[in-house]
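Written below as structure tokens is the structure these notes are about.
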Amino acid sequence: MENNANNPTAGKAYIVTGPTSGIGRATAFEAAKHGTIVLVGRDREKLDEMQGEIERRGGHAVPVVCDLSDIESVCRAAAEILDLHLPIVGLVNNAGINQARPTKSAQGWDLTFATNHLGPFVLTEALMPQLPDGANVVFVASGVEDPERKPAKAVGFRGGRYISAEASARGEWRPGGSKIPGADAYATSKQCTLATALEFARETARLRINAVEPGFIPASSLHRDANAFQRFLLKYVLTLVAPHVKYWSTTKRAARVITNVLMNESGATGVYYDDEGDPMLSSELIRDPKFTARVVSETRALLETAHT
């Protein structure tokens, strides 16, 4: 895709994963006001539709097919992105799933853990050496990782249940967790997401690496396992009241917060932002650098086994 000298956004490009629905779709549209968007997702048809919609709005986009749960697919996608030779200055790790019934990835790992943590981890590590100084990397996290967060506790979450990266890949979580099917897998994957963001920020000071808690979004595609009535309620009824309830949000509002962090030139790094774009506290465990370092170290060791 050629740069247009008359286009003020032409000199920058941003990667958004999971850009065909929910927060990712809204973020891609918002970020497209600032530069070319690399759309990273599983479904070629949906990616092409999204590209067409961005370009009809006057933006620029490039689709890259990638299944973030499959480490080989992630490696291929990272190579394809680098081969585009675009001036990439930002990455949004948004794609995620929340399964009620556990399934396995191509590598035989828990699908939620692979999609939400391992895939973004591999993609980010593959791209970081090629990003310019000051580039922004944003991880979409979740407050459900914190066992003391009141709104998460109220709906049945019991925080991240991390034992080790290998145990998580097997779908094993620390005992005493949630009774909601899939909740421990999701909370633990997001615990690791946040740990990764903060540890990467400490390891790579030349980049700006932050995380965002987007708030509870009724219309999010994370709820795809809900039955038809629940999906209707979430999408059309609860969405109307979301802007007026504390800790709740909408896809458009979350997208604006994420894009503001993506475009932030203040130099802030290692910051965890809430659904209004203000710094927030993580769980006590995530605030322990020894824990975040262990998550990253164990994740790297696990991923080594995928190449042997």
Side-chain angles (χ1 to χ4, degrees), residues 1-21 23-68 70-95 119-140 196-197 200-201 204-210 212 255-256 258-267 269:
M1 183 169 295
E2 296 182 1
N3 286 339
N4 184 339
N6 297 319
N7 181 356
T9 69
K12 295 180 179 180
Y14 304 90
I15 302 163
V16 179
T17 70
T20 61
S21 64
I23 296 172
R25 183 179 178 88
T27 300
F29 284 135
E30 192 71 23
K33 300 172 185 176
H34 302 273
T36 297
I37 303 301
V38 181
L39 305 165
V40 179
R42 292 178 300 172
D43 189 313
R44 166 62 74 175
E45 186 175 338
K46 290 181 179 179
L47 290 173
D48 289 345
E49 181 272 328
M50 188 65 183
Q51 178 189 25
E53 185 59 34
I54 287 175
E55 294 185 348
R56 276 191 292 276
R57 299 184 184 196
H60 301 267
V62 181
V64 173
V65 175
C66 175
D67 179 352
L68 279 164
D70 181 347
I71 302 307
E72 291 183 3
S73 177
V74 176
C75 292
R76 288 193 299 269
E80 184 177 343
I81 290 168
L82 294 175
D83 284 344
L84 293 171
H85 299 293
L86 288 168
I88 295 168
V89 295
L91 163 64
V92 178
N93 285 307
N94 159 77
F121 189 105
V122 171
L123 181 66
T124 304
E125 285 217 310
L127 297 174
M128 280 198 301
Q130 306 305 319
L131 295 178
D133 290 355
N136 284 305
V137 177
V138 182
F139 286 83
V140 178
T196 296
F200 278 6
T204 313
R206 68 181 191 84
L207 301 179
R208 308 294 172 248
I209 304 173
N210 299 293
V212 174
R256 286 194 293 270
I258 292 166
T259 304
N260 285 341
V261 176
L262 182 66
M263 304 300 159
N264 193 331
E265 296 182 353
S266 71
T269 189

Within this structure, what is the CD-CE distance for the pair E55 and M50, rounded to the nearest 0.5 Å? 11.5 Å

Could you point out which residue of L91, L131, I209 forms a side chain to side chain contact (heavy atoms under 4.5 Å, CB included) with T124? L91

Heavy-atom closest contact (R44 atom, P63 atom, distance): NH1-CG, 3.3 Å

Minimum heavy-atom separation for E30 to A255, with atom names? CG-O, 4.2 Å

Please find the pair of heavy atoms, one from A28 and one from I37, that lie closest to each other, and give the distance. O-CG1, 3.8 Å

Rounded distance [0.5 Å steps], CG in N136 versus OG1 in T259: 11.5 Å

Pairwise side-chain contact, P19 with T27, heavy-atom cut-off 4.5 Å (strictly under): no

So I15 and V64, do their side chains get closer than 4.5 Å, heavy atoms only? no

Rounding to 0.5 Å, atoms CG (L82) and CD1 (I88) come to a distance of 6.5 Å

Could you tell me whether E53 and R57 make a salt bridge, using a distance below 4.0 angstrom between a side-chain N and a carboxylate O? yes

If you measure from OH on Y14 to OG1 on T36, what distance do you get to the nearest 0.5 Å? 10.0 Å

Nearest atoms (heavy-atom pairs only) where G119 meets V74: O-CG1, 3.6 Å

Please give me the minimum heavy-atom distance between P132 and V89, naming the atom from each residue. CG-CG1, 4.0 Å

Which of these, V212, V92, V137, sits in a side chain to side chain contact (heavy atoms under 4.5 Å, CB included) with V261? V212

Could you report the tightest heavy-atom contact between D43 and E45, atom names first, then the distance? OD1-N, 3.0 Å

How long is the straight-line distance from CG of N94 back to CZ of R25, given to the nearest 0.5 Å? 13.0 Å

Answer whether the closest heavy-atom distance between the side chains of V16 and L262 falls below 4.5 Å. no

Atom CD of E72 with >12 non-hydrogen neighbours under 6.0 angstrom: no

Could you tell me if the side chain of N264 sits less than 4.5 Å from the side chain of R208, heavy atoms only? no

Has T17 got a side-chain atom pairing as donor or acceptor with A95's backbone, closer than 3.5 angstrom? yes

If only atom types and distance count, is the side chain of Q51 paired as donor or acceptor with the main-chain N or O of A61 below 3.5 Å? yes

CG (D70) and CZ (R42) are apart, to the nearest 0.5 Å, by 11.5 Å

